[in-house]
Amino acid sequence: MWQAPREMAPSQPVSEVKGLWFTVGRKYILETYGQETLDACVARLGDRHGAVLAEPLSSAWYPEETLQQTLGVLHVVVAGEDTELYVRIIEECSLLAVHHFFRALLRLVPAATMLRKVPKMWTLIRRGAGHVTVEADETHGVVRYSEFPYFDDVNYRLLTLGAVRSLMTLCGARRARVELAAHTHESLAVDVAY
């Protein structure tokens with residue numbers, strides 16, 4: 001049974017996430033599961049975090065804890081604690097976030113080039129804590145996240161797995177193998193073979 005993760009201690013670096021994540025998540029839940037499921041998610045999140053999922057502003061910045069709570073609720077309420085379904089939901093939300101026009105252009109981008117864009121993508125949807133580096137060649141890549149104190153939460157590891165898988169789908173590398181290689185409290189490595 002999912003329990004709300006602990007809030008980060010005040011000494012932790014501040015981290016915020018762009019509201020686009022919540023607008024896409026809300027749209028996905030509504031279109032795929034309906035209003036009743038969205039209402040259940042909002043209720044489970046409570047007043048503080050539920051208000052964000054109920055009426056997100058795509059240009060606003062929200063505390064990382066709001067995303068953390070939302071990921072947990074998605075895993076329980078929408079995915080029914082089915083890890084494979086949860087990762088698929090994350091992949092589908094990530095794909096939904098990319099406008100159809102850009103999706104067509106991204107199919108022309110080689111997988112290694114796509115992976116090298118991950119650090120820039122990170123800065124577009126997050127600010128504060130966290131750093132991303134990428135090593136990639138024609139057949140293999142490793143995406144490393146560091147200085148981001150949320151990787152003890154399995155939902156963040158699965159979020160990252162689903163997001164990187166969606167990037168491989170976008171660039172046409174549907175058969176790519178994307179795996180979580182290692183993690184600590186504040187770091188994560190994702191191994192990608194394409």
Side-chain angles (χ1 to χ4, degrees), residues 2 4-5 15-107 109 114 117-118 120-128 130 132 143 145 148 150 153-174 176 178 190:
W2 176 80
S15 182
E16 294 177 310
V17 64
K18 195 76 164 176
L20 176 64
W21 197 100
F22 300 99
T23 58
V24 168
R26 182 183 190 284
K27 179 178 180 171
Y28 176 82
I29 293 168
L30 273 174
E31 291 179 356
T32 309
Y33 294 95
Q35 185 68 48
E36 186 175 316
T37 301
L38 177 63
D39 292 344
C41 290
V42 169
R44 185 85 178 248
L45 284 166
D47 292 340
R48 179 174 171 212
H49 302 298
V52 174
L53 188 59
E55 295 183 32
L57 298 173
S58 60
S59 61
W61 289 96
Y62 296 101
E64 190 71 45
E65 288 77 19
T66 301
L67 178 59
Q68 185 176 34
Q69 299 297 320
T70 303
L71 292 174
V73 167
L74 286 176
H75 200 161
V76 172
V77 174
V78 181
E81 299 188 66
D82 179 329
T83 300
E84 288 183 36
L85 176 57
Y86 176 75
V87 172
R88 193 166 60 247
I89 289 167
I90 295 298
E91 287 180 66
E92 291 171 0
C93 283
S94 297
L95 292 170
L96 183 61
V98 179
H99 188 275
H100 294 287
F101 175 75
F102 292 115
R103 193 178 295 178
L105 288 177
L106 291 173
R107 290 196 195 287
V109 174
M114 180 66 86
K117 294 185 180 302
V118 171
K120 180 62 177 172
M121 292 177 197
W122 176 274
T123 63
L124 293 174
I125 61 169
R126 295 189 177 286
R127 65 182 183 189
V132 184
V143 183
Y145 301 83
F148 188 70
Y150 292 87
D153 184 335
V154 67
N155 291 315
Y156 274 85
R157 298 191 303 271
L158 296 174
L159 168 67
T160 306
L161 179 66
V164 174
R165 282 184 181 171
S166 74
L167 293 176
M168 292 299 96
T169 298
L170 285 170
C171 71
R174 291 183 181 269
V178 180
V190 180

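Since the structure is predicted, the reported quantities are computational estimates derived from the model, not experimental observations.
Shown here for Val76 and Arg44, the closest heavy-atom pair between the two residues is CG1-NH1, 3.6 Å. Listed here is the closest heavy atom pair of Phe22 and Thr70: CE2-OG1, 3.6 Å. Between Val143 and Val118 the shortest heavy-atom distance is CG1-CG1, 3.9 Å. Nearest heavy atom pair, residue Leu53 against residue Arg26, reads O-CD, 3.2 Å. The two residues Val73 and Leu45 make their nearest non-hydrogen contact at CG2-CD2, 3.6 Å.
Residues satisfying the side chain to side chain donor-acceptor pair (under 3.5 Å) test with Tyr62, not counting sequence neighbours, are none. Listed by chain and number, the residues in a side chain to side chain donor-acceptor pair (under 3.5 Å) with Gln35 are Asp39 (sequence neighbours excluded). The salt bridge (charged side-chain N to carboxylate O under 4.0 Å, His left out) search around Glu36 returns none, not counting sequence neighbours. When the salt bridge (charged side-chain N to carboxylate O under 4.0 Å, His left out) test is applied to Lys117, no partner is found at least two apart in sequence or on another chain. Every side-chain contact (heavy atoms from CB on, under 4.5 Å) that Thr23 has, sequence neighbours left out, goes to Leu20, Pro56, Ser58. Residues that satisfy the side chain to side chain donor-acceptor pair (under 3.5 Å) test with Ser166, not counting sequence neighbours, are absent from this structure. Scored by the salt bridge (charged side-chain N to carboxylate O under 4.0 Å, His left out) test, Arg126 finds Glu64 as partners (sequence neighbours excluded). The side-chain contact (heavy atoms from CB on, under 4.5 Å) check on Ala40 picks up Val77, with sequence neighbours excluded.
Going from atom CZ of Arg165 over to atom OG of Ser94 covers 12.0 Å, rounded to the nearest 0.5 Å. The distance from atom NE2 of His75 to atom CG of Leu71, rounded to the nearest 0.5 Å, is 10.5 Å. Note that CH2 of Trp122 and CZ of Phe148 are 4.0 Å apart. Values are rounded to the nearest 0.5 Å. To the nearest 0.5 Å, the span separating CD on Glu65 from CZ on Arg48 amounts to 6.5 Å. Once rounded to the nearest 0.5 Å, the distance linking OG of Ser15 with CD of Gln68 reads 10.0 Å. Remark: Thr83 OG1 to Asn155 CG distance equals 8.5 Å, nearest 0.5 Å.
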Taking only distance into account, with no hydrogens and no angle test, what donor-acceptor pairs under 3.5 Å do side-chain atoms of residues 85-93 form with protein atoms, sequence neighbours excluded?
unit_1: Glu92; atom_1: OE1; unit_2: Tyr28; atom_2: OH; d: 2.4

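Contacts classified as salt bridge (Lys or Arg N to Asp or Glu O under 4.0 Å) and involving residues 16-25 (residues at least two apart or in different chains) are given here: Glu16-Arg127.
When atom types are taken as modelled, the side chain of Thr32 and the backbone of Ile29 share no donor-acceptor pair closer than 3.5 angstrom.
In this structure, Val17 and Thr66 have side chains that are not in contact, with every pair of non-hydrogen atoms separated by 4.5 Å or more. Here the side chains of Trp21 and Leu67 are in contact, with some heavy-atom distance below 4.5 Å.
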